[in-house]
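Everything on this sheet refers to the single structure shown next.
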Amino acid sequence: MEYNFTDVEKRWQQYWKDHHIYHVDEIENRPKFYVLDMFPYPSGAGLHVGHPLGYIASDIYARYKRQKGFNVLHPMGYDAFGLPAEQYAIQTGQHPAITTKQNITRYREQLDKIGFSFDWDREFKTSDPDYYKWTQWVFIQLFNHYYCTKCQKAKPIAELQQHLATQGTNELHAAQSKPLSFTADEWNAKTETEQQNILLNYRLAYLADSWVNWCPKLGTVLANDEVVNGVSERGGFPVERKLMKQWILRVSAYADRLLKGLETVEWSESIKEIQRNWIGRSEGAFIRFQIDDKPATLDVFTTRPDTIFGVSFMVMCPEHALIEQITTAEQKAEVDSYVFWARNRTETERQTEVKKVSGVFTGAYAINPFNGEKIPIWVAEYVLSGYGTGGIMAVPAHDSRDYAFAKHFNLPIREVIAGGDITKEAFETKEGTCINSDFINDLPVKEGAKKVIEKVISLGIGYGTVNYRLRDAIFSRQRYWGEPFPVYYKNGVPYVLPEEELPLLLPEVDKYLPTETGEPPLARAENWKTKEGYPLESSTMPGFAGSSGYYLRYMDPHNPNELVSKKKNEYWQNVDLYVGGAEHATGHLIYSRFWNKFLFDINIVCKDEPYKKLINQGMIQGRTNFVYRIINTNRFVSFGLKDDYEVTPIRVDVNIVHNDILDIEAFKHWRPEFLDADFILEDGKYVCGWEVEKMSKSKYNVQNPDDLIERYGADTLRMYEMFLGPVELSKPWDTNGIEGVFRFIKKFWRLYHDKENNFAVCDDEPTAEEYRILHKTIKKIEEDNERFSFNTAVSAFMISVNELTDLKCNKRKILEPMSILISAYAPHLAEELWHLLGNTDSVVTADFPAFVADYLVETSTKYPVSFNGKTRLQRVFPADMSVKDIENEILKDSEVIKWLDGKSPRKIIIVPKKIINIVI
RNA sequence: GCGGAUGUGGCGUAAUUGGUAGCCGCGCUAGACUUAGGAUCUAGUGCCGAGAGGCGUAGGAGUUCGAGUCUCCUCAUCCGCACCA
């Protein structure tokens with residue numbers, strides 16, 4: 001009997017649990033380190049081999065850091081609110097809490113089998129009332145704060161009220177939905193309800209009518225990042241635009257800080273770039289255009305104020321409030337029908353027909369403030385309501401979209417930047433010289449823009465500004481399975497509940513569907529109102545509510561009085577290493593940063609950024625196997641011969657295929673229709689084809705970690721997942737290679753055992769060579785761990801085990817440190833060996849072995865000798881030999897003389913301890 | 001279209017600072033052992049060539065004594081964004 005991983009793994013998992021080995025407390029004099037995995041949504045399908053990839057990497061790092069003397073916080077929990085459990089509840093009538101609980105139990109079992117070092121004492125799920133109490137609490141704080149644009153931080157709404165009561169909107173520096181203007185007297189004269197409505201214009205969590213992504217199939221509104229290519233991210237259902245009253249978070253107020261903060265975090269360049277694009281900062285100007293013959297103005301945002309003399313028409317988005325006011329009687333019918341058509345188009349339609357030009361003339365004109373020219377105002381879909389002001393000044397000569405529009409409707413195109421050929425296409429460069437532009441003629445573009453902005457300011461019709469693409473986040477969902485808003489309505493105006501009344505519990509409902517009148521499911525709950533009888537909000541919060549600040553709660557998970565205590569927050573600070581998928585780049589990772597910055601502003605947390613270092617693990621794709629059935633038969637032809645027949649490829653369960661060879665007997669019993677199938681073989685085997693696809697049940701390519709653990713053990717699975725390649729890289733799962741790692745684990749075990757599998761480690765003094773191997777390994781593992789290069793570390797373990805096996809080394813002074821080194825990777829194996837070595841404590845708490853450089857000092861160096869850069873031979877010289885001496889020696893070498901072939905070297909390059917290159 | 005990343009044996013990959021390209025593992029070949037197996041061990045395995053040797057890191061050019069690594073161009077693949085004014 002060799003290494004019995006089943007017994008060993010079970011035994012130590014129990015031991016770790018019984019002895020609370022992974023429990024962590026704050027320890028004042030010990031440096032902290034916080035390692036966090038993006039917490040999982042517990043889906044019904046359980047874990048497949050792709051999920052633990054990141055968890056294994058972070059677990060290795062957490063264990064390593066602990067052995068290096070850090071107090072490591074490494075928690076786990078569940079993002080438990082969400083659509084799948086609710087969809088399932090709608091179908092079956094079963095409460096989503098029950099499904100969620102079952103799924104979590106399954107997840108936990110699977111996670112436990114892999115041997116993670118999570119501190120489960122800190123576990124929570126977002127659907128626990130003790131947890132969502134704090135999600136609701138943060139919402140109340142957001143509601144009670146506004147963003148001061150002058151001091152660039154959140155401030156209490158009471159201060160804003162004070163300001164309005166004494167100065168009105170004068171000198172007000174607040175992020176707002178729309179600019180308002182009134183005096184203190186006007187404010188004070190307003191009713192309570194009127195004032196509350198106005199305050200919504202400034203609150204960081206506010207209620208507003210806005211054009212939202214409405215998904216009828218899911219019966220809810222979605223945030224921008226939840227809509228992908230015009231369909232819902234979950235389920236892939238169509239999304240429409242709809243004007244609805246919704247809770248919204250004023251994320252846009254933090255756009256600039258979210259952008260700047262990226263410079264302070266250690267994230268991959270690609271993910272920072274995705275966030276930068278999503279935030280989409282652009283510099284330009286707001287300019288107000290007077291409408292001809294009307295007491296109205298049209299505001300535009302432009303990044304190219306330098307092209308103001310090239311404006312030949314204006315465009316408003318179909319949602320623009322001004323349309324009704326300025327459209328002329330003659331144009332009204334046409335405009336109405338266009339606007340109706342455009343507003344009711346789905347996101348998908350819009351996006352697939354981007355190249356199609358459409359629009360309609362309003363009949364109204366604006367006046368160019370710089371030359372008094374009358375310019376026609378159009379309505380067109382290509383101008384978006386959510387960006388800038390919803391209106392643009394069109395400069396067809398220097399913007400390709402305006403150009404296409406002008407060509408289509410035969411509008412004038414006027415060149416104002418020299419250098420292009422506007423008869424062919426728009427000339428969009430930002431380097432160039434202004435022409436046909438009055439007082440900015442001959443100026444470079446940048447100078448021209450500056451001058452125009454100065455003029456705009458002096459005319460009092462605008463200002464230079466920065467605009468962001470980042471939009472406020474819709475925060476309401478018309479669903480059941482989420483956090484209830486701690487909000488009630490009085491006179492139609494929202495108020496938040498007092499903090500003492502939290503948590504506001506999710507009520508029971510008879511059905512998880514909207515009411516007959518189209519209200520969200522919570523409206524079905526009996527008595528869904530406050531003690532005083534005011535109706536409560538019936539929407540719930542979105543999935544990202546609970547995941548935005550969860551990292552904080554792990555610091556102080558059971559605190560009933562605070563989200564996190566000041567003391568514990570100051571100890572744990574923020575996440576040192578965050579591991580998770582790159583798909584959260586524009587969702588969770590933005591919201592979470594926003595949420596944290598707000599909590600920083602109100603002095604709840606001590607760090608401005610939540611996640612210092614981020615690693616995005618790659619996706620593990622499935623490797624699907626195919627068999628080939630000859631058309632109209634039950635005959636299957638092997639991969640290499642299939643081209644001689646007309647065949648249908650059929651996906652086959654990867655679990656009955658080994659190294660692409662089909663287990664024919666298993667195949668016959670896989671499905672009844674294959675029972676009497678026959679086969680055309682090559683070399684007596686049926687060879688399957690393969691393809692890389694997403695891992696999914698329907699493709700029969702799912703590899704379940706439990707099966708692999710049963711066959712090879714958790715340590716093998718852990719090391720194999722790391723061995724596949726760099727953590728960040730996406731790669732197809734291929735079980736074939738796992739045998740190699742399995743052999744390695746057994747070989748490692750055999751170092752400590754004799755042929756009869758008796759533990760046999762001796763106390764002899766190791767040789768210099770054995771010490772060299774050990775310290776080379778210590779150095780390598782330490783370096784690789786530090787740079788998250790776990791694949792190369794596994795390979796380094798294999799090399800040293802091969803070398804120690806060759807030396808038949810079974811010496812304690814080598815093998816004991818080796819067991820510590822490998823414990824982060826193969827904790828069960830390491831713990832067993834550690835105890836066999838006579839230790840009574842856990843290897844988890846052992847110190848990482850100290851590297852001693854002396855053991856690696858070489859007395860001689862083997863030099864590759866190359867001629868014109870091509871390596872020809874090798875020569876050994878003492879390590880301390882001078883360059884001059886080496887040169888003399890090498891030229892006497894008979895082999896070198898042979899390669900010189902009678903010529904004399906032009907130059908000899910000798911890099912000490914590296915290389916000798918002879919140039920002929 | 002814009003932005004980012006990647007490209008190395010049959011396969012997954014390695015080469016940390018410009019210094020012997022292919023470590024480690026899979027697969028494959030041959031052999032040993034064996035109550036035949038999806039176990040273990042030994043040797044070999046980038047390509048061409050009998051060999052000497054030649055070629056070789058997507059392709060092309062360049063810098064350098066020396067390039068997988070640096071620069072420029074081209075191609076391919078993946079990811080993100082996409083009427084963002």
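Quick note on labels: first sequence line is chain A, next is B, and so on, each numbered from 1.
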Where the side chain of [X] is defined as all heavy atoms beyond and including C-beta, which of [options] is the nearest nucleotide?
X	options	result
A:K914	B:U20, B:G19, B:A85	B:G19
A:I909	B:C24, B:A85, B:C65	B:C65
A:R750	B:C41, B:A85, B:C83	B:C41
A:E739	B:A39, B:C65, B:A85	B:A39
A:Y712	B:A15, B:A21, B:G38	B:G38
A:I799	B:A14, B:U40, B:C24	B:C24
A:N917	B:G66, B:C41, B:G12	B:G66
A:L384	B:U16, B:A85, B:C81	B:A85

Under 4.0 Å between a side-chain N/O of [X] and OP1 or OP2 of [N], yes or no?
X	N	value
A:S866	B:C65	no
A:K731	B:G12	no
A:R743	B:C24	no
A:R872	B:G54	yes
A:K862	B:U20	no
A:N802	B:C24	no

Rounding to the closest angstrom, what is the interatomic distance between [N] and [M] at atom [atom1]?
N	M	atom1	result
B:G59	B:G9	P	9 Å
B:A14	B:U57	C1'	12 Å
B:U6	B:U17	P	15 Å
B:G62	B:U69	P	15 Å
B:G66	B:G56	P	15 Å
B:A76	B:A50	C1'	38 Å
B:G10	B:G27	C1'	8 Å
B:G60	B:A67	P	15 Å

Nucleotide forming a Watson-Crick or wobble pair with [N], both distances under 3.5 Å:
N	answer
B:A85	none
B:C28	B:G44
B:A52	none
B:G80	B:C2
B:C72	B:G60
B:C33	none
B:G19	B:C65

5'-most by nearest nucleotide on RNA chain B - A:L724 or A:R711:
A:L724
Take A:V383 and A:E273, find for each the nucleotide of RNA chain B with the closest heavy atom, and name the residue whose nucleotide sits nearer the 5' end.
A:E273
In the structure I gave you, are the side-chain heavy atoms of A:M316 and A:I392 within less than 4.5 Å of one another anywhere?
no
Side chain to side chain donor-acceptor pair (under 3.5 Å) assessment of A:S795 paired with A:T792:
CA-CA 5 Å; A:S795 131; A:T792 53; over 6 Å; no
Aromatic centroids of A:F405 and A:F313 separated by under 6.0 Å
yes
Is the ring centre of A:W749 less than 6.0 Å from the ring centre of A:F5?
no
Any donor and acceptor pair, going by atom type alone, linking the side chain of A:S638 with main-chain N or O of A:Y686 inside 3.5 Å?
no
Do A:N277 and B:C81 share a donor-acceptor pair, side chain to base, under 3.5 Å?
no
Is there a donor and acceptor pair, one atom on the side chain of A:K779 and one on the base of B:U16, closer than 3.5 Å?
no
More than 12 heavy atoms from other groups under 6.0 Å of CZ on A:R343:
yes
Can you measure A:I915 atom CD1 to B:U17 atom P for me and round it to whole angstrom units?
18 Å
Using the glycosidic torsion, which applies to B:G9: syn (within 90° of 0) or anti (everything else)?
syn
Could you tell me whether A:K780 and A:E782 have a side-chain N and a carboxylate O separated by less than 4.0 Å?
no
Pairing of A:E319 and A:R241 as salt bridge, 4.0 angstrom limit:
yes
